[in-house]
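Quick caveat, the model's predicted, so the values are computed rather than measured. Quick note: numbers below take in every heavy atom, side chains included, and nothing from hydrogens, waters or symmetry partners.
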Amino acid sequence: MSSDRWVLRGGRVVDPSQDLDGFFDLLVEDGCVSKIEESLSAPEGCEVFDATGLVICPGLVDMHVHFREPGQEYKESIETGSRAAAAGGFTAVACMANTDPVNDKRSVTAHIVAEAERFGYARVHPIGAVSKGMAGEELAEIGEMVRAGAVAVSDDGLPVKNAELMRRALLYARHFDIPVIQHAEDLDLTGTGVMHEGEVSTRLGLPGIPGSSEDVVVARDLILTEDSGGRYHVAHLSTARSLDMVRQAKAKGMAVTCEVTPHHLLLTDETIAEMEFSSDTKMKPPLRSESDRQALLAGLVDGTIDAIASDHAPHHPDEKAVEFSCSPFGILGLETTLSLCLDRLVRSGTLTLTRLVELLSTGPARILGLEAGSLAVGRPADITVFDSERRVVIDKDHFQSKSRNTPFEGWKLQGGSVVTFVGGRKVSL
């Protein structure tokens, strides 16, 4: 990376944390935002980045990714995952604990932090496991992981099935003011399901996963959250009913937040038929019905949803190159999320640009307690610069990620990342 003294000149600055949307120059010094003014002269020795025609916003934060290191670096490593983050416009990510070994102890957390710092493409914030080995039986050493850098706890990939364990996790996490992130899925209701249960699954002859598989876990957890006073976050929320329960909990003043993914906002169970059973349409939660998708879009607009997260889940191409029912769940997202959201949510008029930045930066930073999501003077100069007019064709062969599992191959979009700055340094790929 290059110099850490910059003037970013002539761009449209969008920063929901300061209610800012206008044309300003930014001065970056010593890794922080030093000034924001309508016109700035570049101090001696300061490089100038011409942002004319571009948007400057607080660095994007993806609060839900899987980097597979340690243990499954053939799918993705911290290096390639953070390169993919930078390519997609993200300056920070939070990586889930389902590695091998599981991130359930200080040593694994510290390894992830150290590797991310060594490469420097993006900040990587570990999410520790709720339970030891993600076995759902005994609480992991949450305090030790937090001290090593964990920003939340989750057994994502699996739900916290035991209600008493979930209650204790919510209570214990309060001491560190971190959220417990739940992969809301009743595995008994899921059974052998591989897609959303409904008319389409019946027509295609595939076993279904009912929406109630998510809903009953969210309902249980909201009761536990209310009783414990803990902080609860629903990962990759996908159903209208779960969203409505979160909306009601927020109205009661509970510390509840949720995220949605681009694929649940843009695709439905019909996509599986349209793409002829492509394994790149298989994920958990599964692609839901059109009515669920419309409910999620409404939740973005009314403020119920706090963040958009990619759930970046890389798999080796050989693992995905099998029949639909046998392939692993999960798709990539880091290098497609921003362009998809700019084109299909902002350009369509569903969201304002300010609201999108809130969902991709300010919101996730707030949930995880990160010193990110703002360009206020004195804050770290983690900055995303993007072009809302840039023509983008999604081409998986040019991904920075090691994996290629995307259902968006060939999509023609408008809007994409130009460059990121992390701690005031321009990231070069």
*Decide side-chain contact (heavy atoms from CB on, under 4.5 Å) for Leu139 and Leu165; before the verdict, give the C-alpha distance in whole Å, the side-chain angles of both, and the deciding distance to 0.1 Å.*
CA-CA 7 Å; Leu139 278 183; Leu165 185 70; 3.9 Å; yes
*Please name the pair of heavy atoms, one in Met245 and one in Asp215, separated by the smallest distance, quoted to 0.1 Å.*
CE-O, 3.3 Å
_Whether the His316 and Asn405 side chains hold a donor-acceptor pair (N or O, under 3.5 Å, no angle test) is what I'd like checked._
no
*With a 3.5 Å cut-off and no angle check, do the side chains of Thr80 and Glu76 form a donor-acceptor pair?*
yes
*Considering residues, nucleotides and ligands other than Arg391, do more than 12 of their heavy atoms fall under 6.0 Å from its CZ?*
no
*If you look only at pairs with a residue in residues 224-273, which of them pass as a ring pair (Phe, Tyr, Trp, His ring centres under 6.0 Å), with sequence neighbours excluded?*
His64-His236, His183-His236
*asked:* Please check: side-chain N/O of Arg231 versus main-chain N/O of Asp177, any donor-acceptor pairing under 3.5 Å?
replied: yes
*asked:* Please identify which of these residues, Asp62, Thr261, Thr337, meets the side-chain hydrogen bond (donor to acceptor under 3.5 Å, both in side chains) condition with Ser310.
replied: Asp62
*Looking only at heavy atoms, which two atoms of Ser339 and Gly415 are closest? And how far apart?*
OG-O, 2.7 Å
_Ignoring hydrogens and geometry beyond distance, is a side-chain donor-acceptor pair present between Ser291 and Ser289 at under 3.5 Å?_
yes
*Could you tell me how the ring of Tyr172 sits relative to the ring of Phe176: parallel (under 30°), tilted (30 to 60°) or perpendicular (over 60°)?*
perpendicular
_Audit row: Thr91, Thr420, side-chain hydrogen bond (donor to acceptor under 3.5 Å, both in side chains) steps and yes/no_ = CA-CA 7 Å; Thr91 60; Thr420 59; over 6 Å; no
_Asp244/Arg241 salt bridge by N-O under 4.0 Å criterion_ = no
_Heavy-atom pair with the smallest gap, counting every atom of Leu243 and Gly299_ = CD2-CA, 4.0 Å
_Donor-acceptor check, side chain of Thr225 to backbone of Gly230, threshold 3.5 angstrom: yes or no?_
no
_If you count heavy atoms of other groups shown closer than 6.0 angstrom to CZ of Arg355, is the number above 12?_
yes
_Would Val55 and Val385 count as a side-chain contact (heavy atoms from CB on, under 4.5 Å) here? Give the steps._
CA-CA 6 Å; Val55 177; Val385 181; over 6 Å; no
*Consider only side-chain N and O atoms of Ser131 and Glu137, and report whether a donor and an acceptor are under 3.5 Å apart.*
no
*Are the side chain of Lys320 and the backbone of His315 linked by a donor-acceptor contact shorter than 3.5 Å?*
no
*asked:* With a 4.0 Å cut-off on N to O distance, would you call Arg366 and Asp306 a salt bridge?
replied: yes
_Using a 6.0 Å cut-off, check whether atom CG of Asp302 has over 12 heavy atoms from anything other than its own residue._
yes
_Between Arg404 and Phe399, does the side-chain contact (heavy atoms from CB on, under 4.5 Å) criterion hold? Intermediate values first, please._
CA-CA 7 Å; Arg404 298 290 180 262; Phe399 282 171; 3.7 Å; yes
*Output, in order, the C-alpha distance, side-chain angles, deciding distance and verdict of side-chain contact (heavy atoms from CB on, under 4.5 Å) for Arg68 and Tyr74.*
CA-CA 8 Å; Arg68 309 304 191 194; Tyr74 70 94; over 6 Å; no
*Could you tell me whether the side chains of Gln414 and Arg390 share a donor-acceptor contact shorter than 3.5 Å?*
no
_Quick check against the 3.5 Å criterion: does Glu335 have a side-chain atom that pairs as donor or acceptor with the backbone of Gly333?_
no
*Answer yes or no: is there a donor N or O on one side and an acceptor on the other, between the side chain of Arg344 and the main chain of Pro262, under 3.5 Å?*
no
*Closest approach of Ala85 to Val93 (non-hydrogen atoms, all atoms of both residues)*: CB-CG1, 3.8 Å
*Thr384 side-chain N/O to Leu60 backbone N/O, donor-acceptor pair under 3.5 Å*: yes
*Is the backbone N or O of Gly59 less than 3.5 Å from a side-chain atom of Ser361, with the two atoms forming a donor-acceptor pair by type?*
yes
_I'd like to know if Glu323 and Lys282 make a salt bridge, using a cut-off of under 4.0 Å between side-chain N and carboxylate O._
no
_Under 3.5 Å, is there a donor on one side chain and an acceptor on the other for Asn103 and Thr109?_
yes
*State whether the side chain of Arg220 and the backbone N or O of Lys161 hold a donor-acceptor pair below 3.5 Å, judged by distance alone.*
yes
*Ignoring hydrogens and angles, tell me if any N or O in the side chain of Lys75 forms a donor-acceptor pair with the backbone of Ser403 under 3.5 Å.*
no
*Do Thr239 and Ser242 have side-chain N/O donor and acceptor atoms under 3.5 Å apart?*
yes
_For the backbone of Ile272 and the side chain of Thr281, can you confirm whether one donor and one acceptor N or O come within less than 3.5 Å of each other?_
no
_N-O pairing of Glu409 and Lys396 below 4.0 Å_ = no
*asked:* How about CD on Glu164, more than 12 heavy atoms from neighbouring residues, nucleotides or ligands closer than 6.0 Å, or not?
replied: yes
